[in-house]
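Take a look at the structure below.
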Protein chains: 2
Amino acid sequence: MNASIASDGSPRPPAPPTPEALGAGAVTVDPAHPSGPAEQVRSQLAALIQGGVLAANAKLPTVRQLAGDLRLAAGTVAKAYRELEAAGLVRTGRAAGTRVNPGQGLAAPARAEALVFARAARAAGLNLEQAQALLAVGWDRTAS
Amino acid sequence: MNASIASDGSPRPPAPPTPEALGAGAVTVDPAHPSGPAEQVRSQLAALIQGGVLAANAKLPTVRQLAGDLRLAAGTVAKAYRELEAAGLVRTGRAAGTRVNPGQGLAAPARAEALVFARAARAAGLNLEQAQALLAVGWDRTAS
DNA sequence: CATCTTGTATCACTCTATTGACACAAGGTG
DNA sequence: CACCTTGTGTCAATAGAGTGATACAAGATG
């Protein structure tokens, strides 16, 4: 669609998710996942932040809001937020809520390379877990 | 090194790990990891199999051997092996032990793409968790 | 066939994560 | 300043994963 092409020909990134959108599907919790709920929330939010989807100073939903949306205890979401803050990805404040810290998106060339690999893996019929397995093996292989 | 270059100029893959090597470092368990020990063993072995590092019919260490090497309970390794078998990656047999099923390595072009991305991510100064985060975001983005 | 190998099953216990509810305290707003 | 917003802390209970040891049973080997 031309509507998704900027004037310089590069594709427009999708609009960043609102706080409501995070609990409405952008972040999900699968009870069958090997990691627990807190870790699933943490890692998905971290990915959105580092991948540039959640921009600097973007507001995250309140602990209670996200917990309600994801059907989790508030303390569980609070744990995920605490860990994001400990990692420097967000800052939290009473009354002010939680916001993304500036400068947490990773370098754009690496993000573009991730897209290339994701497309190739999909084209080869892999699922995400398999793609991640290949990355892990490739990571070991490129250690030297 | 020329010794690692095949006669057609392509790099030689490293030798596949022996059963002993799996418990001696090729597979590791980090108690601080968000996933539990069984899942860490399962996912690392799955990656080695799908990444072609463990070849068809390669023998895995016995449950007791790997458990001892990784300082886990045997039942925990047995759980990982059961899940690998349920996924069709391995076959287990009393007395015969556990072997990799043929045909479980994923397509070589996708593996090569994973290497390219791993190198690019390392060159950008990312760690593996960050690279996996970018892959997850890229995966969502290429869903259409 | 006898013996050995090795995965599977079982057990009581320990540990950890999560839960739902409530209270407190730090900030923000009008 | 009063009131509201929102993260943090606490609690007892629950659920699930892992533990180490043991026994059983299915296969493999000589």
Side-chain angles (χ1 to χ4, degrees), chain A residues 18-20 22-23 27-45 49 57-101, chain B residues 18-20 22-23 27-45 49 57-101:
Chain A
T18 61
E20 296 77 41
L22 291 182
V27 172
T28 60
V29 173
D30 171 13
H33 196 273
S35 303
E39 170 59 21
Q40 288 184 56
V41 170
R42 184 206 68 80
S43 61
Q44 286 176 59
L45 288 175
I49 291 166
N57 299 310
K59 187 164 187 322
L60 297 196
T62 67
V63 164
R64 292 177 179 85
Q65 181 67 51
L66 190 55
D69 290 344
L70 299 180
R71 294 167 162 75
L72 299 177
T76 305
V77 174
K79 182 181 176 186
Y81 279 14
R82 268 199 307 280
E83 285 168 1
L84 291 171
E85 187 175 38
L89 295 179
V90 304
R91 60 190 183 275
T92 73
R94 313 291 178 89
T98 302
R99 286 189 184 272
V100 177
N101 276 337
Chain B
T18 61
E20 297 76 38
L22 291 182
V27 172
T28 60
V29 173
D30 170 12
H33 196 276
S35 304
E39 169 59 21
Q40 289 184 57
V41 170
R42 184 205 68 80
S43 62
Q44 287 176 59
L45 288 175
I49 291 166
N57 299 311
K59 185 162 190 324
L60 297 197
T62 67
V63 163
R64 291 177 181 83
Q65 181 67 54
L66 190 57
D69 290 343
L70 299 180
R71 293 167 162 74
L72 299 177
T76 305
V77 174
K79 181 181 175 184
Y81 279 16
R82 267 199 308 280
E83 286 168 359
L84 290 171
E85 186 174 40
L89 294 180
V90 303
R91 63 190 180 275
T92 73
R94 310 294 179 87
T98 302
R99 286 188 185 270
V100 176
N101 276 336

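A note on names: the letters A, B, ... follow the listed sequences, proteins ahead of strands, and every chain is numbered from 1.
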Problem set entry | Atom pair distance, as rounded to whole Å: CZ in B:Arg94 and P in C:dT6 | 13 Å

For this session: Evaluate the side-chain contact (heavy atoms from CB on, under 4.5 Å) criterion for residues A:Asn57 and A:Arg91: first the C-alpha distance (whole Å), next the side-chain angles of each, then the deciding distance (0.1 Å), finally the verdict.
Result: CA-CA 9 Å; A:Asn57 299 310; A:Arg91 60 190 183 275; 2.7 Å; yes

Exercise. D:dT19 P sits how many Å from B:Arg71 CZ, rounded?
Worked result: 13 Å

For this session: With the side chain counted from C-beta on, respond yes when B:Val41 and B:Thr76 share a heavy-atom pair under 4.5 Å apart, and no when they do not.
Result: no

Problem set entry | Beyond-backbone contact of B:Val100 with B:Leu89, side-chain heavy atoms, under 4.5 angstrom | no

Exercise. Is the phosphate of D:dG7, meaning OP1 or OP2, less than 4.0 Å from a side-chain N or O of A:Thr98?
Worked result: yes

For this session: Looking at every strand, decide which applies to B:Ala38 at a 4.0 Å heavy-atom threshold: base, sugar-phosphate, or nothing.
Result: sugar-phosphate

Problem set entry | Given DNA chain C, 5'-ward residue of the pair A:Thr76 and A:Gly93, judged by closest heavy atom | A:Thr76

Exercise. When you check the phosphate oxygens OP1 and OP2 of C:dT8, does a side-chain N or O of B:Thr92 lie under 4.0 Å from one of them?
Worked result: yes

Exercise. Do A:Leu60 and A:Leu66 have side chains that get closer than 4.5 Å, going by heavy atoms?
Worked result: no

For this session: Using whole Å, report how far CD of A:Glu85 lies from C1' of D:dT6.
Result: 13 Å

Exercise. Rounded to the Å, how far apart are B:Arg99 CZ and C:dG7 C1'?
Worked result: 15 Å

Seminar exercise, completed: Per nearest nucleotide of DNA chain D, the residue lying toward the 5' end, B:Arg64 or B:Ala73, is B:Ala73

Problem set entry | Separation of atom CG in B:Leu70 from atom P in D:dG18, rounded to whole Å | 13 Å

For this session: Whole angstrom is fine here: how far is it from NZ in A:Lys59 over to P in D:dT5?
Result: 12 Å

For this session: Go through D:dT6, D:dT8, C:dT8 for me and flag the one nearest to the B:Val63 side chain.
Result: C:dT8

Problem set entry | Separation of C:dT18 P from A:Leu66 CG (nearest whole Å) | 14 Å

Problem set entry | Electrostatic pair B:Glu85-B:Arg82, nearest N-O below 4.0 angstrom | no

For this session: Could you check how far CD of B:Gln40 sits from C1' of D:dA17, rounded to whole Å?
Result: 13 Å

Exercise. D:dG18, D:dT19, C:dG7: which one has an atom nearest the side-chain heavy atoms of B:Lys79?
Worked result: D:dG18

